[in-house]
Each structure stands twice: as structure tokens, then as C-alpha cells.
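Remarks on the structure that follows.
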Amino acid sequence: MKILTNLIDKANDTMDEIYWYAEKAHHLKAENKPLADTYIKVAEMHITIYGMLHDQMVNLIEKQKRDGVDPPKEMLAIWDYEHQKLIKEFEKAKYMVEDYKKSY
């Protein structure tokens, strides 16, 4: 369970990074487009990182199921709650990046 909570924490940190860079890009696009474009690229890198972490979270749960081990109820409760929250936040973050790209 510790591995899952560590992955969730890291995914949340990564989500914060996506938001930070995307917000800065939006604020700077008129004033300093090269820097704003760089921030969007960094946000996209964090989206990739987030995807990798998400895949590992899913794999962790799925591996236990494949191995015939019922994941602890506490682990599944944390996973269900955090996973839904992360999916919603990830969609918002991706939208911010895509919205920036549409504006130019």
C-alpha cells in the first residue's frame, strides 16, 4: 500500500507542476511568447510523466488481481477515491495546455 500512496503523492505533485507551467504560459503568452512556449513544453513533459505514473498505479492494482491476491480494502478505497480525483484534475490540466495551443 505504501508504494501506491507514494505514486499517488507523486502524481499529485506532477499535476501541480502541469498547472503551474500551463498557468504561467497563459499569463506570459502576450508578453514573452518564447518563454510561454517553453513552459507549455515543460507542462507537456509533465503530462507524459503523469501518464507513466498513472500506468504504474493501474499496473500495481492489476498485478495483485492477476496474482490472485485481493488488494486490501483500504488500498482499494484509497485508489478509488484518489483515482477519480486524479482523472478529473488531469483532464483540466490537459485542457489548459490544449487551450494554450489553440490560441496561437
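Computed from a prediction, not measured in an experiment: that's the story for all the values here.
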## Note on the structure
Here the gap from Arg66 atom CZ to Gln64 atom CD, rounded to the nearest 0.5 Å, amounts to 10.5 Å
### Message
Can you list everything that forms a side chain to side chain contact (heavy atoms under 4.5 Å, CB included) with Glu44? Sequence neighbours excluded, please.
### Response
Ile40, Lys41, Val97, Lys101
### Query
Any side-chain heavy-atom pair from Glu82 and Leu4 closer than 4.5 angstrom?
no
#### Entry: Cluster link Val42 to Ile47, ILVMFWY, side chain under 4.5 Å
no
### Task
Could you label the plane-to-plane angle of the Phe90 and Tyr50 rings as parallel, tilted or perpendicular, counting under 30° as parallel and over 60° as perpendicular?
parallel
### Message
Do Tyr19 and Glu89 have side chains that approach each other closer than 4.5 Å (heavy atoms only, starting at C-beta)?
### Response
yes
### Query
Any side-chain heavy atom of Leu76 within less than 4.5 Å of one from Lys73?
no
### Message
Give me the atom names and distance for the closest heavy-atom approach of Ala43 to Tyr21.
### Response
CB-CB, 3.9 Å
### Query
Is there a side-chain contact between Ile49 and Lys10, using heavy atoms and a 4.5 Å cut-off?
no
### Task
Specify the closest pair of heavy atoms between His46 and Thr14, including all atoms of both residues, with the distance to one decimal.
O-CG2, 3.2 Å
### Query
Can a salt bridge be assigned to the pair Lys94 and Glu91 using a cut-off of 4.0 Å between side-chain N and carboxylate O?
yes
### Query
Rounded to the nearest 0.5 Å, what separation is found between the CG atom of Leu53 and the CG atom of Asn12?
10.5 Å
### Query
Should we say atom CD1 of Ile3 is surrounded by more than 12 heavy atoms from elsewhere, each under 6.0 Å from it?
no
### Summary
Correct closest heavy-atom pair for Val58 and His83 would be CG2-NE2, 4.5 Å
### Query
Leu35 versus Tyr39: any side-chain heavy-atom pair under 4.5 Å?
yes
#### Entry: Distance-minimising heavy-atom pair for Met15 and Leu86
CE-O, 3.7 Å
### Query
Hey, is the main chain of Asp55 close enough, under 3.5 Å, to the side chain of Asn59 for a donor-acceptor pair?
yes
### Task
Please report the closest heavy-atom contact between Lys63 and Asp67, naming both atoms and the distance.
NZ-OD2, 2.6 Å
### Query
So how far is it from His54 NE2 to Ile8 CD1, rounded to the nearest 0.5 Å?
10.0 Å
#### Entry: Nearest non-hydrogen partners of Glu23 and Met96, listed with the distance
CG-CE, 3.2 Å
